[in-house]
Number of protein chains: 2
Amino acid sequence: MKAGNMARRMSKTRKTKDKGSKSGKKRATSYDVAELAGVSQSAVSRVFQDGASASKAMRERVMAAADKLGYRPNAIARGLITQRSNMVAVVISKLTNLYYPEVLVQLTQRFSERNVRVLLFALEREGDTGSVVEQMLQYRVDGVITAAMFSPEQLRTIESAHIPVVFYNRTSREPLVSSVRCDQEAGERWLVDELVRAGHRSFGVVEGPEDSVVSIERKMGALNELTQLGITDVTTVSGDFGYETGRACFSELVEKRGNVPDAVIAANDVMAIGCIDEAREGHGLHVPDDISIVGFDGVGPARYAAYDVTTVRQPVQRMTESAASMLLERIERPELSPEKRAFSGIPIRGGSARLLKTGE
Amino acid sequence: MKAGNMARRMSKTRKTKDKGSKSGKKRATSYDVAELAGVSQSAVSRVFQDGASASKAMRERVMAAADKLGYRPNAIARGLITQRSNMVAVVISKLTNLYYPEVLVQLTQRFSERNVRVLLFALEREGDTGSVVEQMLQYRVDGVITAAMFSPEQLRTIESAHIPVVFYNRTSREPLVSSVRCDQEAGERWLVDELVRAGHRSFGVVEGPEDSVVSIERKMGALNELTQLGITDVTTVSGDFGYETGRACFSELVEKRGNVPDAVIAANDVMAIGCIDEAREGHGLHVPDDISIVGFDGVGPARYAAYDVTTVRQPVQRMTESAASMLLERIERPELSPEKRAFSGIPIRGGSARLLKTGE
DNA sequence: TTGAAAGCGTTACCAG
DNA sequence: CTGGTAACGCTTTCAA
């Protein structure tokens, strides 16, 4: 029973011999450090842990040996024994509104601060989720944040592995999953209310890709509120969240109606900008005198002087912060029940819509 | 010597007993599958490998058992024994031109296709590289793609761990590192040449953050070519790649000069757009009749009708593809020497600059 | 083709 | 506080 371990230590010893202190071929292990420091391997392990018990003298000897050898604890090996990879999966797809590059960066930073690494998955089509699920499970991620949809079956697969999931701006019908989202219905309601208050009566609605949940939420939010207010002159067309289809949609809208509506509600800022350009160039209209155009998101270009889009900004910072902590909490305490958080968007009164002054 | 292993198998057996086929508490291992299939653990391992030798019968038995148990090979354990994590680090920073959200997505997809996972690192400040290096080494990534700078010392640290590195749009003075970049000097040269050919004689140059290598390359590319052509009436101001500073820079430029230059060369499209807005709104100028303004990157907003920026587009697709394959090649064959690839940008003649017609 | 056994580099547990 | 030893879940010889 001891033989095995002796053999191991011997082989270690051999390895250490045939390498200099720096440029050796294989990376140093805790055994190498232990040997150099003249202590046990367990001691080395403890020195590199958080709540470890190690005397000051020990700590110093070990540290000295460690950085002489360029030793770094192997996170892979650690993950194997602790059953914690300290990695979370972040899933995005083409349909994910990447007009916020910050989302990814901020999420990563939030996790970094808490000593958690991010394994990034990008889906070509939304349908690729299958292999992604497979991969995250193989890599034993501790949790998942997804801005893409998973099928109920995939969700069950993940859940059966006891991996907590947080949806980002994707509300799932499943009641038992956690999510963080911007309250898009409320945002659309604000936009519609303001437009109607200012006298707009006929509307065009430009929706995004048919399979985007975000787009559907926004469209329904707007349509419901319009109905609520008794507005029936509403025409809907759909694009893909991109600038070009924004332009195309505007023309299609006008053609379909046979006239220009009082206002256009676009599913996002980029399409709103497309609409503005097409209204101006393609139809000689003045924005907002002839027509009001509003978007959603509050991305950078919406603030460019040429557009100054009236929109609702997503509180990205708070959303990412929230998503990260919800996930980490659930990793720490798996018994926690799912939770859905919705953040209100921030209304922005730009020059692209003719609204009443605040307080009027 | 045998005792240890017996104990192991016994404990496995026990575990299997107290769990149903699906909702058990712990995840199934190859031992569990082996037992259920009535074969050895090695056999299971082989079935889940690529070039393995396993009879058809065996394969079927094992597969059946495996998905009854919801078994998935543990990539962490595999990495430990094979010394290959199949993960690469991708490093970005705030200064990284994230106006291309695609870069990250495409890189990730390129790696995915080749069965390699991406570990994402985002730096708050460029200075944070220290802990990032530490983390990538701890996680034993097989390679690194970085769009942030590393100090020579950090570079040596990584190299001494025999981890190949590819720089993305960061040329390093070090001759021994691989890199993929857009040839920004050439791009700026094209812009300057076209402007001068069309009669522009006085210039403003708007550079980005002082510590951004990309910005410096672009500025130097433009200044050198201007000098080359004998143009001396050049004023330089600097911003931070953002829209607001683009606007501020334009005003600063005019104030500093006491007049309006014939053309402005901005370090990127976003600042060019800022300049255009400020020229129009702040100074009542007409673009391009009163002044020509050019940018760099070829981002989406540069194509919006209100700006139509004359610019040079980076061939993002080819660059990411190239970066990914360069890195994977070097992971496969560590003896390969470093290589630097520069891709020409794609000139775009937009309406923001008064240029001669092609062929004139 | 198959199975037994030895690691991979850690942490966890248990005596001293 | 310290050291010895058993996992963790896999791949990889080496015999059979």
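Lettering of chains follows the sequences in order, A, B, ..., and the numbering in each one begins at 1. Since the model is a prediction, treat every value here as computed from it, not as a measurement.
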Name the closest nucleotide to the [X] side chain, picking from [options].
| X | options | value |
| --- | --- | --- |
| A:Ser30 | D:dT11, C:dT11, C:dT10 | C:dT10 |
| B:Leu80 | D:dC10, C:dT10, C:dG9 | C:dG9 |
| A:Gln83 | C:dG3, C:dG9, D:dC8 | D:dC8 |
| B:Arg46 | D:dG3, C:dT2, C:dT11 | C:dT2 |
| B:Ser55 | D:dG9, C:dT2, C:dG9 | C:dT2 |
| A:Thr29 | D:dT2, C:dG9, D:dT5 | C:dG9 |
| B:Arg140 | C:dT10, D:dT11, C:dG3 | C:dT10 |

Rounded to the nearest Å, what distance is computed from the [atom1] atom of residue [X] to the [atom2] atom of nucleotide [N]?
| X | N | atom1 | atom2 | answer |
| --- | --- | --- | --- | --- |
| A:Asp32 | C:dC8 | CG | P | 11 Å |
| B:Asn74 | D:dC10 | CG | P | 5 Å |
| A:Asn86 | D:dC8 | CG | P | 19 Å |
| B:Gln49 | C:dT2 | CD | C1' | 14 Å |
| A:Ile81 | D:dC10 | CD1 | C1' | 13 Å |
| A:Glu60 | D:dT2 | CD | C1' | 17 Å |
| A:Asp50 | C:dT11 | CG | P | 11 Å |
| A:Phe48 | C:dT11 | CZ | P | 10 Å |

>> So, OP1 or OP2 of D:dT11: does either fall under 4.0 Å of a side-chain N or O from B:Tyr31?
In response: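 It does not, given that no N or O in the side chain of B:Tyr31 lies less than 4.0 Å from OP1 or OP2 of D:dT11.
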
> For C:dT10, does either OP1 or OP2 sit under 4.0 Å from a side-chain N or O belonging to A:Tyr71?
Replying inline: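 For C:dT10, OP1/OP2 do have a side-chain N/O of A:Tyr71 under 4.0 Å.
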
> With a non-hydrogen cut-off below 4.0 angstrom, is B:Ala75 in contact with a base, only sugar-phosphate, or nothing?
Replying inline: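 Touches nothing.
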
>> Classify A:Arg72 by what it touches in the nucleic acid, base, sugar-phosphate, or nothing, heavy-atom distance under 4.0 Å.
In response: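 Answer is sugar-phosphate: A:Arg72 comes under 4.0 Å of backbone atoms only.
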
> Would the number of heavy atoms belonging to other residues, nucleotides or ligands and lying under 6.0 Å from CD of A:Glu153 be above 12?
Replying inline: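 No - once you tally the heavy atoms of other residues, nucleotides and ligands closer than 6.0 Å, there are 12 at most.
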
> Which is it for A:Glu102 and A:Arg110 under the salt bridge (charged side-chain N to carboxylate O under 4.0 Å, His left out) test, yes or no, and what are the steps along the way?
Replying inline: CA-CA 12 Å; A:Glu102 314 98 88; A:Arg110 297 293 85 72; over 6 Å; no

> Under the criterion side chain to side chain contact (heavy atoms under 4.5 Å, CB included), which of A:Leu120, A:Val105, A:Ile92 is the partner of B:Leu104?
Replying inline: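 Answer after filtering A:Leu120, A:Val105, A:Ile92: A:Leu120.
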
> Taking 4.0 angstrom as the limit, do B:Glu35 and B:Lys68 come out as a salt bridge?
Replying inline: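 The answer is no: the pair does not qualify as a salt bridge.
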
>> Under 4.0 Å between a side-chain nitrogen and a carboxylate oxygen: does that hold for A:Glu332 and A:Arg330?
In response: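 Not counted as a salt bridge, because no side-chain N and carboxylate O are separated by less than 4.0 Å.
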
Would you check if there is a donor-acceptor pair between the side chains of [Y] and [X] at a distance under 3.5 Å?
| X | Y | value |
| --- | --- | --- |
| B:Ser45 | B:Gln49 | yes |
| A:Arg341 | A:Ser322 | yes |
| B:Glu339 | B:Ser178 | no |

>> Let's test your reading of the model: under 3.5 Å, does the base of C:dA4 pair with the side chain of B:Ser42 as donor and acceptor?
In response: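 Looking at the base of C:dA4, it does pair with a donor or acceptor on the side chain of B:Ser42 (distance under 3.5 Å).
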
> What does the inter-axis angle of the helix from C:dT1-D:dA16 to C:dG16-D:dC1 come out as, five pairs per end, nearest 10 degrees?
Replying inline: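 If I round to tens, the end axes sit 30° apart.
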
> For DNA chain C, whose closest nucleotide is more 5', that of A:Arg78 or that of B:Ala77?
Replying inline: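 Nearest-nucleotide comparison on DNA chain C picks B:Ala77.
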
> With nearest nucleotides of DNA chain C determined for B:Arg59 and B:Thr82 from heavy-atom distances, which residue corresponds to the more 5′ nucleotide?
Replying inline: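 Final value for this comparison: B:Arg59.
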
